[in-house]
Amino acid sequence: MNTVLVGAQWGDEGKGKVIDFLTEEADVVVRFQGGSNAGHTVVVGDRKYVLHLVPSGILHDAKHCVIGNGVVMDPFDLMRELEQVESWGFDLKGRFHISERCHMVMQWHRALDKAEEAARAEDRKIGTTGRGIGPAYAAKVGRYGMRVGDILKSDFLEIVRAQVIEANRALRALGALELDPDEMVRLYTPMVPALMPYVTDTIQFLHDKLDKGASLLFEGAQATMLDIDFGTYPFVTSSNPTAGGACTGSGVSPRAIDRIIGVLKLYTTRVGEGPFPTELNDEDGEMLRQRGGEFGATTGRPRRCGWFDAVIARYAQRVNGIDYWAMTKLDVLDTFPVVKICTGYRRKDGFVYTTFPADLDILKWCEPVYEEMPGWQSTTSHITKYEDLPANAKAYINRILELVGGKLGVLSVGPARETTLRINI
Ligand code: GDP
Ligand code: IMO
Ligand code: MG
């Protein structure tokens, strides 16, 4: 059974937690896009683990973890994270693999990311994580990127030097500090022996696993509304976090995918700039932030919070082909007397959009249309069986399913591993 798991909103839906849960029945967990802009949290007992590049499946001994060709990987971030994973007591030997086709995020990509963001006009700022993601993907599609396999070539350090000199021209034009080519060459010299043990032909590896009947689990980072094609462009990331990205980012055919799971937070959050129709700048928004612990796992920024948006969830269901939902953070809504679901965006002249417009200016003239439902005002975090949920919580979930399509597969009622209900997958 090969499963693709994607985020359905603007990220931070709880993908890490659900991947950890599904890894039990998988043999290999594969990251296929994004980079260390991701922050995936897994809580086991009283320990909290945050993973950025390494698949969240690494917390299960004996499972293989792959960084596929679609990822952009900063070798320094990766080395730090691998050391951390080992310090947590997990053995990496023979079970962690990086594609030789994976592009690297270099120091100058990070510098360019920050300089480009600083140079953007106030209303054009993206609020990037500053991890060099945009410039690394720009280098990839511009066909001057550096791939992991390049570290094995004799001219690797010469290319580093040439690229720093080139990047300095752009940094200078942006009024940013330039990088010292000699220092960069010194910095990257030890990268070769450090990365070597993990570099693999992951396409071959994954296909050999498939031939032997292994189960692959594809771990999406970011989410549908941050997708470079389907998200709120230009306020997006630079990859395809949607389901199709799992194939292009790993070398596994769409024919091999058996099911697609979308992770859906039962309210909405966004970190960074860009439109967010159901955003709440009031006490309810603050309540969601505090109860949900909505502070970025990568940058620590407070997340913007709002009611559940069925327009984007329906859109996510369609563009990803979501079979099952993993709904998360029900417990965060436990105290609200009323919960709201956005079913459309109403223009001043009364016209209601029920699909997400490509032209973001349209949203400036729209108000969300809400359906209100009574809250359940009781604790759900101890519940282990779907039947035991309060009737109003079930009604809320069922109304969402009615509006967005797909089936409920997993329900999460707390951050810890045990607070996960398997429904019908
Ligand atoms: P990801 O990027 O999609 O993996 O999500 P993050 O890890 O960035 O953010 C999700 C946060 O919510 C983390 O702090 C999780 O520990 C937490 N979390 C996940 N599921 C639940 C849940 O059902 N209830 C509560 N209260 N917290 C949850
Ligand atoms: P996970 O996997 C939430 C947002 C940034 C910014 C935009 C572009 O934890 O859900 P980038 O650094 O990618 O160029 O930033 O995308 N962003 C995320 N928001 N969760 C994430 O990952 C994100 N990764 C990027 O805040 O608005
Ligand atoms: Mg996150």
Side-chain angles (χ1 to χ4, degrees), residues 1-5 14-32 34-36 38-68 71 73 75 77-100 102 148 194-221 246 249-250 252 258-259 261 263 297 326 328 384 409-410 412 414-422 425:
M1 170 74 78
N2 301 315
T3 305
V4 174
L5 179 134
K15 297 178 291 295
K17 178 187 166 168
V18 182
I19 286 285
D20 174 69
F21 177 73
L22 295 173
T23 299
E24 292 284 358
E25 57 212 55
D27 300 293
V28 187
V29 185
V30 189
R31 271 284 304 270
F32 55 89
S36 49
H40 295 179
T41 315
V42 182
V43 177
V44 185
D46 53 9
R47 294 210 59 171
K48 178 169 150 176
Y49 304 98
V50 181
L51 295 145
H52 301 281
L53 270 167
V54 177
S56 306
I58 205 77
L59 306 180
H60 292 253
D61 283 322
K63 306 285 175 164
H64 284 273
C65 286
V66 169
I67 296 198
V71 171
M73 181 276 293
D77 282 349
L78 181 70
M79 287 306 145
R80 249 195 315 275
E81 197 168 323
L82 291 179
E83 267 170 35
Q84 199 172 36
V85 169
E86 280 181 323
S87 77
W88 292 334
F90 300 98
D91 193 8
L92 296 167
K93 225 166 273 136
R95 68 183 189 104
F96 178 73
H97 318 274
I98 312 170
S99 167
E100 55 196 342
C102 174
V148 165
L195 279 174
M196 280 259 274
Y198 306 113
V199 181
T200 310
D201 180 345
T202 53
I203 299 174
Q204 190 77 33
F205 175 83
L206 292 174
H207 282 274
D208 285 347
K209 287 284 179 197
L210 284 172
D211 289 348
K212 289 183 190 132
S215 290
L216 310 187
L217 174 59
F218 293 89
E219 175 174 354
S250 70
V252 170
D258 300 299
R259 64 177 180 186
I261 299 181
V263 187
T328 62
T384 54
V410 174
S412 171
R417 226 179 219 175
E418 316 73 68
T419 54
T420 321
L421 283 64
R422 178 184 286 273
I425 56 171

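Here, residue 1 is the first one in the sequence, and each next residue gets the next number.
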With sequence neighbours excluded, residues passing ring pair (Phe, Tyr, Trp, His ring centres under 6.0 Å) with Phe21: none
Side-chain heavy atoms of Phe218 within contact of Val252, under 4.5 Å: yes
Any side-chain heavy-atom pair of Leu82 and Tyr198 under 4.5 Å: yes
Evaluation steps, side-chain contact (heavy atoms from CB on, under 4.5 Å), between Glu418 and Val44: CA-CA 8 Å; Glu418 316 73 68; Val44 185; 5.8 Å; no
Contact check, side chains of Val28 and Lys63, non-hydrogen atoms, under 4.5 Å: no
Side chain to side chain, Leu210 and Asp208, heavy atoms closer than 4.5 Å: no
Heavy-atom side-chain proximity of Phe96 to Pro197 below 4.5 angstrom: no
Interatomic distance, Thr420 atom OG1 to Leu22 atom CG [nearest 0.5 angstrom]: 9.5 Å
CA sep, side-chain torsions, deciding dist, call: Lys17, Ser412, side-chain hydrogen bond (donor to acceptor under 3.5 Å, both in side chains): CA-CA 9 Å; Lys17 178 187 166 168; Ser412 171; 2.9 Å; yes
Residues forming a side chain to side chain donor-acceptor pair (under 3.5 Å) with Asn2, sequence neighbours excluded: none
Residues that Lys15 engages under side chain to side chain donor-acceptor pair (under 3.5 Å), provided they are two or more places apart: Glu13
Rounded distance [0.5 Å steps], CE in Met1 versus OG in Ser215: 7.5 Å
Worked check of side-chain contact (heavy atoms from CB on, under 4.5 Å) between Val54 and Leu78: CA-CA 7 Å; Val54 177; Leu78 181 70; 4.1 Å; yes
Interatomic spacing from SG in Cys65 to CG in Leu217 - rounded to 0.5 Å: 9.5 Å
Non-hydrogen side-chain atoms of Ile67 and Val30 separated by less than 4.5 Å: no
All ring pair (Phe, Tyr, Trp, His ring centres under 6.0 Å) counterparts of His64, not counting sequence neighbours: His97, Phe205
With sequence neighbours excluded, residues passing side-chain contact (heavy atoms from CB on, under 4.5 Å) with Ala326: Val18, Ile261, Val263, Val410
Test item: Ser99 side-chain N/O and Thr202 main-chain N/O as donor-acceptor pair under 3.5 Å: no
Polar side chain donor-acceptor pair, His40 to Asp20, under 3.5 angstrom: no
For His207, all residues meeting side chain to side chain donor-acceptor pair (under 3.5 Å), sequence neighbours excluded: none
Electrostatic pair Glu25:Arg259 at N-O distance under 4.0 angstrom: yes
Qualifying residues under side chain to side chain donor-acceptor pair (under 3.5 Å), relative to Thr41, sequence neighbours excluded: none
Minimum heavy-atom distance between Gly57 and Val29, given as atom pair plus value: CA-CG2, 3.9 Å
Pairwise distance CD1(Ile203) to OG(Ser250) - rounded to 0.5 angstrom: 8.0 Å
Heavy-atom donor-acceptor pair, Glu219 side chain to Gly16 backbone, under 3.5 Å: no
Side-chain donor/acceptor of Arg417 to backbone N/O of Val42, under 3.5 Å: no
Atom CE of Met196: over 12 foreign heavy atoms under 6.0 Å: no
Residues which pass side-chain contact (heavy atoms from CB on, under 4.5 Å) with Gln84, listed by chain and number, not counting sequence neighbours: Ser87, Trp88
All pairs passing salt bridge (Lys or Arg N to Asp or Glu O under 4.0 Å) where residues 80-90 contributes a residue, at least two apart: Asp77-Arg80
Contacts of type side-chain contact (heavy atoms from CB on, under 4.5 Å), residue Asp61, not counting sequence neighbours: Phe90, Arg95
Beyond-backbone contact of Leu216 with Leu206, side-chain heavy atoms, under 4.5 angstrom: yes
Residues forming a side-chain contact (heavy atoms from CB on, under 4.5 Å) with Ala214, sequence neighbours excluded: Asp27, Lys209
pair Ser56-Thr23: side-chain heavy atoms closer than 4.5 Å: no
Test log, rule side-chain contact (heavy atoms from CB on, under 4.5 Å), inputs Leu92 and Ile58: CA-CA 8 Å; Leu92 296 167; Ile58 205 77; 3.6 Å; yes
